[in-house]
Amino acid sequence: MKKSFYGKVLMAFPFLLFGLLLGWKSAQAEYSPPNIKTITSLKGTWKFTSAYDTSDVTVLPKAPAVAFTSGANKLLIHFDGKLPPHLQDSLNIALSDTYFGCNGEDFRIWFNNGEFLPLEVGRCDHGRVYLYLPIGVGQDMWKSYSQLFDFIQQGTRPILISESATGIKFSSDSEESLKSFKEASNPKTNEPYFSALKAYWDNFEKKHASSALSHLETKDFVPLDTEVIGALKGEWKLKEEDRLFPDEPSTSVLQFEAGPVALGVTLSSSKSDFLNPKGIIVRNMVHMKLCNLYFKCNAGPVKLWFDNGEYVQTAPAACLNDEIFATSGKGPAGAEQLAEAQKLNLLLKMQRPVALSQGKYAVLLDYHETASLDAFRREMDPKANTKYFEAKKRYYQEKATAQE
């Protein structure tokens with residue numbers, strides 16, 4: 001029996017529908033943002049890193065992360081280590097400056113659902129441009145970070161980074177690592193990690209979170225033009241400085257410890273400072289390891305405030321995986337850097353460190369015992385610690401003589 005035209009159409013309909021669905025899926029996967037000219041396409045791989053350090057409540061569990069790598073270009077997404085309902089992902093991007101410059105405007109990261117998130121330049125060095133999600137104001141402080149988390153949980157993936165009207169696409173043969181990250185950063189599908197995270201923060205609150213905010217009075221010091229968003233209860237300790245050479249005299253490092261936050265102050269005087277004919281120049285530097293509960297990679301320098309309203313400032317904070325670091329200048333370079341290092345030394349002698357701030361937000365330092373702080377002050381005084389300063393000066397003199 002010969003089939004009618006309509007019969008043939010009905011028989012072919014499932015195949016036509018399947019073809020249309022394939023075409024729609026392909027078109028969806030090939031989504032390109034409108035009015036963006038693609039200047040290159042980066043072919044790379046996604047790699048998933050699961051959470052670890054989950055068995056010790058005194059150690060912040062390392063967050064799950066996923067990274068896209070293509071040559072010198074890297075895009076890292078990691079879970080921000082917060083508990084529900086404040087679930088967030090962070091984003092760190094390092095691109096070769098072949099494509100974009102530091103002075104570019106309107107940076108965006110696009111997803112295959114047609115949505116995008118704004119980006120801002122953190123810094124430029126060693127031939128790379130570093131991009132991060134912006135930090136908002138007030139209730140929108142972490143808006144972009146929450147949106148990124150939502151996008152990942154919806155199964156969308158980043159496909160392009162644009163600057164104004166030009167863009168860089170990136171692609172990979174497999175999305176399994178992204179799927180693994182999605183599951184690892186969801187409380188419903190990774191209960192062990194989130195239980196460990198809750199245990200850590202419960203322990204942190206018990207041992208380190210401060211009641212300073214609850215009894216903060218108007219007469220108490222608050223960093224200028226900032227909003228206090230937290231307080232850390234900790235203590236100052238003296239630790240022996242690591243020696244570069246076995247015969248080099250060493251002094252102590254002053255360190256404030258409060259859970260995952262560590263703030264260290266060291267003597268940073270150089271050889272030329274010790275051999276200065278007008279007398280030894282004493283300078284200090286500050287270095288910090290910070291937690292993403294209060295600080296971000298792209299929020300600029302960190303200020304260490306003292307109770308007289310003065311502060312010293314670090315270089316812009318930088319990220320290494322999911323840890324944040326900030327440090328002040330070191331060594332003899334530049335009059336401005338010397339002045340800042342000597343300012344830190346003077347402030348430490350006379351005042352109490354009281355807060356850290358980054359951008360518009362501040363975190364108070366809550367401590368009562370100052371014995372280690374007082375001992376460090378004596379160690380940094382050439383008159384009170386003649387033995388060390390004379391020994392270090394003699395060490396440099398002998399080294400200079402031996403090289404002649």
Side-chain angles (χ1 to χ4, degrees), residues 21-51 63-82 87-96 99-100 106-120 122 128-134 142-163 165-190 193 297-298 319 321-322:
L21 288 172
L22 280 178
W24 175 81
K25 186 176 181 181
S26 175
Q28 187 186 44
E30 295 298 323
Y31 169 81
S32 293
N35 304 318
I36 301 293
K37 180 182 178 182
T38 302
I39 56 175
T40 192
S41 182
L42 300 177
K43 183 78 172 180
T45 56
W46 288 97
K47 182 179 179 181
F48 166 68
T49 304
S50 60
V66 64
F68 174 85
T69 304
S70 176
N73 306 286
K74 186 171 183 178
L75 185 156
L76 172 68
I77 304 173
H78 64 82
F79 181 69
D80 230 5
K82 295 182 176 65
L87 298 174
Q88 303 166 9
D89 287 333
S90 281
L91 175 66
N92 305 331
I93 300 172
L95 293 177
S96 167
Y99 311 116
F100 301 130
D106 194 21
F107 283 97
R108 300 178 179 186
I109 181 166
W110 294 82
F111 297 81
N112 65 336
N113 63 349
E115 300 284 347
F116 71 87
L117 293 174
L119 298 171
E120 61 183 31
R128 287 186 175 186
V129 179
Y130 293 84
L131 301 169
Y132 308 104
L133 294 175
W142 310 124
K143 181 179 178 181
S144 294
Y145 296 79
S146 298
Q147 287 179 310
L148 176 59
F149 177 85
D150 291 340
F151 287 168
I152 295 298
Q153 292 304 312
Q154 291 164 11
T156 60
R157 57 183 173 82
I159 57 169
L160 183 141
I161 297 170
S162 67
E163 186 267 312
T166 60
I168 301 172
K169 280 189 175 181
F170 42 95
S171 61
S172 175
D173 290 333
S174 174
E175 298 176 20
E176 288 303 313
S177 291
L178 279 167
K179 293 177 182 177
S180 297
F181 175 72
K182 172 187 172 182
E183 295 176 358
S185 54
N186 189 320
K188 295 180 180 179
T189 50
N190 193 3
Y193 167 69
C297 299
N298 58 321
C319 276
N321 296 326
D322 59 346

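Any value given below was found using the heavy atoms of this structure, including those in side chains, with hydrogens, waters and symmetry copies removed.
Once rounded to the nearest 0.5 Å, the distance linking CD1 of I161 with CG of L117 reads 11.5 Å. Rounding to the nearest 0.5 Å gives a distance of 12.0 Å between CG of N186 and CD1 of I152. Expressed to the nearest 0.5 Å, how far CG of L133 lies from CG of D89 amounts to 9.5 Å. Between the CZ atom of F79 and the CG atom of L148 there is a distance of 11.5 Å, given to the nearest 0.5 Å. L91 CG to L131 CG: the interatomic distance, rounded to the nearest 0.5 Å, is 8.5 Å. Summarising the geometry, atom OH belonging to Y130 is positioned 12.5 Å from atom CD1 belonging to I93; distances are rounded to the nearest 0.5 Å.
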**OP:** Assess whether side-chain contact (heavy atoms from CB on, under 4.5 Å) is satisfied between I109 and L75, documenting all intermediate values.
**Re:** CA-CA 11 Å; I109 181 166; L75 185 156; 3.8 Å; yes

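Every residue was checked against the salt bridge (charged side-chain N to carboxylate O under 4.0 Å, His left out) condition with R128, not counting sequence neighbours, and none meets it. For E176, the salt bridge (charged side-chain N to carboxylate O under 4.0 Å, His left out) partners at least two apart in sequence or on another chain are K179. Qualifying side-chain hydrogen bond (donor to acceptor under 3.5 Å, both in side chains) partners for N73, counting only residues two or more places apart in sequence or in other chains: none. Remark: S144 engages no residue in a side-chain hydrogen bond (donor to acceptor under 3.5 Å, both in side chains) (not counting sequence neighbours). Applying the salt bridge (charged side-chain N to carboxylate O under 4.0 Å, His left out) test to E175 and every residue at least two apart in sequence or in another chain returns R157.
The two residues K169 and L160 come nearest to each other via the heavy atoms CG-CD1, 3.4 Å. Closest non-hydrogen pair, T156 versus F151, comes out as OG1-O, 2.6 Å. Shortest non-hydrogen contact noted between S90 and D80 is OG-OD1, 2.8 Å. Minimum heavy-atom separation, T69 to K74: OG1-CG, 4.1 Å.
A distance-only check finds no donor-acceptor pair linking the side chain of Y193 to the backbone of A184 [under 3.5 Å].
Using bins of under 30°, 30° to 60° and over 60° for the plane-to-plane angle, the ring pair F116/W110 lands in the tilted bin. Under the 30°/60° scheme for interplanar angles, the aromatic rings of F68 and F170 are found to be tilted.
With a 4.5 Å cut-off on side-chain heavy atoms, P134 and K143 do not count as touching. Using a 4.5 Å heavy-atom cutoff, the side chains of V129 and Y99 are not in contact. Taking the side chain as every heavy atom from C-beta outward, P187 and L87 approach each other to under 4.5 Å.
Counted by atom type alone, T189 and K182 present zero donor-acceptor pairs between their side chains at under 3.5 Å.
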May I have the list of side-chain donor-acceptor pairs in residues 33-50 shorter than 3.5 Å, sequence neighbours left out?
{"unit_1": "K43", "atom_1": "NZ", "unit_2": "D173", "atom_2": "OD1", "d": "2.5"}

